[in-house]
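Below is one structure, written out as structure tokens, with a few remarks after it.
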2 protein chains.
Amino acid sequence: MNDPTLIIGTGLIGASIGQCLSAHGVEVFLSDIDHSNAVVAASRGAGVVAQPRPETVKLVIVATPPAFVPEIVVDALNRYPNAVVTDVASVKASIEVAVLAGAGDAARYVGSHPMAGSQHAGPLTAEGELFLDRTWVVIERDDQEPQAVAAVRALIEMCGAREVDLDAATHDRAVAAVSHLPQLMASLTAARLLDDVPADLTLAGQGVRDVTRIAASDVGMWRQIVAANTTAVRDQLRAVQADLNTLVDQLDDPEVVEDLLSRGRAGAAALPGKHGRAASELVSVVVQIPDTPGALAHLFADIDAEGVNVEDLNIEHDPVREAGFLAVAVTPERADPLADALRDRGWLVR
Amino acid sequence: MNDPTLIIGTGLIGASIGQCLSAHGVEVFLSDIDHSNAVVAASRGAGVVAQPRPETVKLVIVATPPAFVPEIVVDALNRYPNAVVTDVASVKASIEVAVLAGAGDAARYVGSHPMAGSQHAGPLTAEGELFLDRTWVVIERDDQEPQAVAAVRALIEMCGAREVDLDAATHDRAVAAVSHLPQLMASLTAARLLDDVPADLTLAGQGVRDVTRIAASDVGMWRQIVAANTTAVRDQLRAVQADLNTLVDQLDDPEVVEDLLSRGRAGAAALPGKHGRAASELVSVVVQIPDTPGALAHLFADIDAEGVNVEDLNIEHDPVREAGFLAVAVTPERADPLADALRDRGWLVR
């Protein structure tokens with residue numbers, strides 16, 4: 001598939017896709033309402049900033065913020081009569097409804113969602129490997145042309161991602177639970193910190209930092225995501241509301257509190273670990289790290305010397321003291337030998 | 001202060017205190033309802049497993065789970081007539097009320113709370129440096145003997161911690177916001193994951209992992225903590241409930257959603273960063289890390305070679321793909337030179 005492709009919206013996702021396709025020899029045209037975005041993307045190898053002849057375009061990828069996607073998809077279906085049109089927004093059902101309502105013929109439209117990104121934004125941070133081995137959801141509909149789905153499949157393959165087929169409602173319910181709800185819960189928790197006198201915040205440890213980290217994300221983007229997935233997000237919030245109401249009403253009942261804590265523990269354990277490995281299959285070796293240059297390099301050199309691969313890593317922060325603990329997760333059979341070896345090498349291992 | 005000290009409860013906190021005091025030449029007696037706990041603590045230098053002569057004891061430190069603290073404190077005030085009695089539970093007001101009600105004379109009782117610990121438990125993980133530079137809250141009351149407060153102050157000093165004086169209600173309100181509420185919010189979020197089909201969880205990214213990490217904590221301990229701080233925790237939950245009700249009712253109103261997201265963003269930014277530095281004062285250099293032994297050692301060696309100190313570190317997990325990104329936070333003036341230097345050394349820096 002070296003057919004001309006147009007990418008509309010050249011932020012992190014659009015520019016990164018452009019790099020993938022360009023690396024595969026695809027002729028990529030870049031377009032962005034903010035022209036300098038497109039130029040920066042082009043300078044990073046994502047394609048050329050130019051308008052293709054409409055009838056030559058074979059694939060249009062809409063990578064704008066979600067609020068603008070339906071209109072741009074409909075416009076692209078009209079403007080590029082021979083093109084398959086996809087989008088990469090993180091919500092799908094409301095976009096699908098709007099596109100089907102607005103387009104004369106939507107058989108060439110295939111919604112999709114690469115599960116990739118970062119807290120960073122913009123083409124400066126783009127990289128062609130962003131999607132490697134990532135899940136990329138393809139939204140199936142009965143009315144799609146088979147060759148339209150095939151074109152999106154080829155795109156996913158060129159980006160090195162793994163295709164997962166879902167219908168739009170299933171996708172939106174899943175991301176409401178694993179992405180949109182956690183975002184709002186982080187915001188709800190962090191919003192409470194504003195009511196505290198600053199001195200109280202000196203009592204904050206690592207737990208509250210973890211829970212509230214993503215509350216620092218971009219407000220405008222998240223407002224759009226929530227607006228585009230209101231139904232599924234509200235279902236999640238209502239389920240939390242029910243649990244929370246029970247908790248507030250019966251906080252004096254240890255069994256009610258224990259029930260929630262237990263369900264939370266089981267839910268946390270249900271998340272797949274790194275590379276699909278369940279977190280529970282890893283064991284942490286906790287090592288004290290002095291807050292001095294060289295300490296981490298020394299530690300990792302020692303771990304390497306033992307031939308052990310680090311599967312996961314958590315630094316346990318400390319707002320005050322000048323030392324930290326690093327939880328080094330390894331496969332279970334490696335944990336005891338590694339702990340012993342590090343102790344022998346002079347590390348304080350807990 | 002080399003006076004005989006009795007530690008009741010030799011888990012992580014009790015055993016670690018024992019190590020601090022023993023290192024300062026204090027004669028430490030250890031007691032635990034689980035005798036093997038006390039023995040393990042003793043084997044790690046926390047003191048001796050023996051019963052002191054009651055009238056010789058000058059300080060009793062109650063380091064049991066919170067539910068048992070009031071009864072043990074009252075008993076200790078009676079049994080050790082010349083001793084100052086403190087406890088280290090993470091809730092204070094309900095314990096204070098129970099102790100004042102149960103004790104004939106509580107002037108020798110000074111509640112306290114070292115802000116230290118970890119997701120690990122038990123004396124095996126104890127270490128004398130656990131409290132170094134940590135906040136250790138001392139609970140002030142008008143009826144306390146000055147020398148009782150002085151004895152707890154000496155304890156804190158020997159542990160290398162930093163004293164913060166609060167009344168019990170202020171303490172409990174602060175930890176309800178920065179510790180107990182985040183714990184329950186993590187549980188509420190994680191509990192929702194149980195309702196999802198496992199396939200949906202493959203869409204989970206780093207955000208939900210951060211938000212739900214502490215949901216994996218010990219259920220029994222947290223049930224006790226919540227039970228002992230019901231009033232302050234309920235106040236926090238009710239404030240969240242009000243925000244959540246508004247959000248559910250008006251989720252279609254972008255301004256309501258934006259208001260919550262904005263307050264959350266401000267709350268997250270209000271948390272002090274490492275060593276009291278505001279997180280916003282640090283800049284992250286994001287480096288791609290291959291998932292192979294040696295890569296981290298190589299990276300940290302390169303950072304060291306540039307003479308840059310790593311202020312914070314976040315590994316960005318990836319449930320699927322075989323590469324990761326490390327966000328290396330440094331002081332702002334270091335960020336650009338470090339990024340350039342790492343690129344020159346062949347790293348993929350975003």
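Letters A, B, ... mirror the listed sequences (proteins, then strands); counts begin at 1. The shown structure was predicted, so the numbers you read here are calculated from the model rather than taken from an experiment.
Using a 4.5 Å cut-off between heavy atoms, B:V349 makes no contact with chain A at all. Proximity to chain B (any heavy atom under 4.5 Å) is restricted, for A:V226, to the side chain, taken from C-beta onward.
When A:I214, A:T212, A:D302 are compared by the number of non-hydrogen pairs under 4.5 Å with chain B, A:I214 comes out ahead. Chain B forms more heavy-atom pairs under 4.5 Å with one residue of A:V175, A:L166, A:L247 than with any other, namely A:L247. Contact count versus chain B (heavy atoms, under 4.5 Å) is highest, among A:A239, A:G207, A:A301, for A:A239. Counting heavy-atom pairs closer than 4.5 Å to chain B, the top-ranked of the candidates A:R238, A:H113, A:R223, A:H171 is A:R223. Your options are A:T230, A:L237, A:V257, A:V248, and the one with the most heavy-atom pairs under 4.5 Å with chain B is A:V248.
Across all non-hydrogen atoms, the minimal contact from A:L261 to B:V219 is CD1-O, 3.6 Å. For the residue pair A:A191 and B:D243, the shortest heavy atom distance occurs at CB-OD2, 4.3 Å. Of all heavy-atom pairs spanning B:V208 and A:V178, the tightest one is CB-O, 3.2 Å. Counting all heavy atoms, side chain and backbone alike, A:A204 lies closest to B:L271 at CB-CD2, 3.6 Å. Residues B:A177 and A:L193 approach most closely at O-CD2, 4.0 Å, considering heavy atoms.
A donor-acceptor pair under 3.5 Å is formed between the side chain of A:R265 and the backbone N or O of B:S217.
Using a cutoff of 4.0 Å between basic side-chain nitrogens and carboxylate oxygens, B:R209 and A:D210 are not scored as salt-bridged.
Atom CG of residue B:L188 and atom CD of residue A:Q241 lie 11.5 Å apart, to the nearest 0.5 angstrom.
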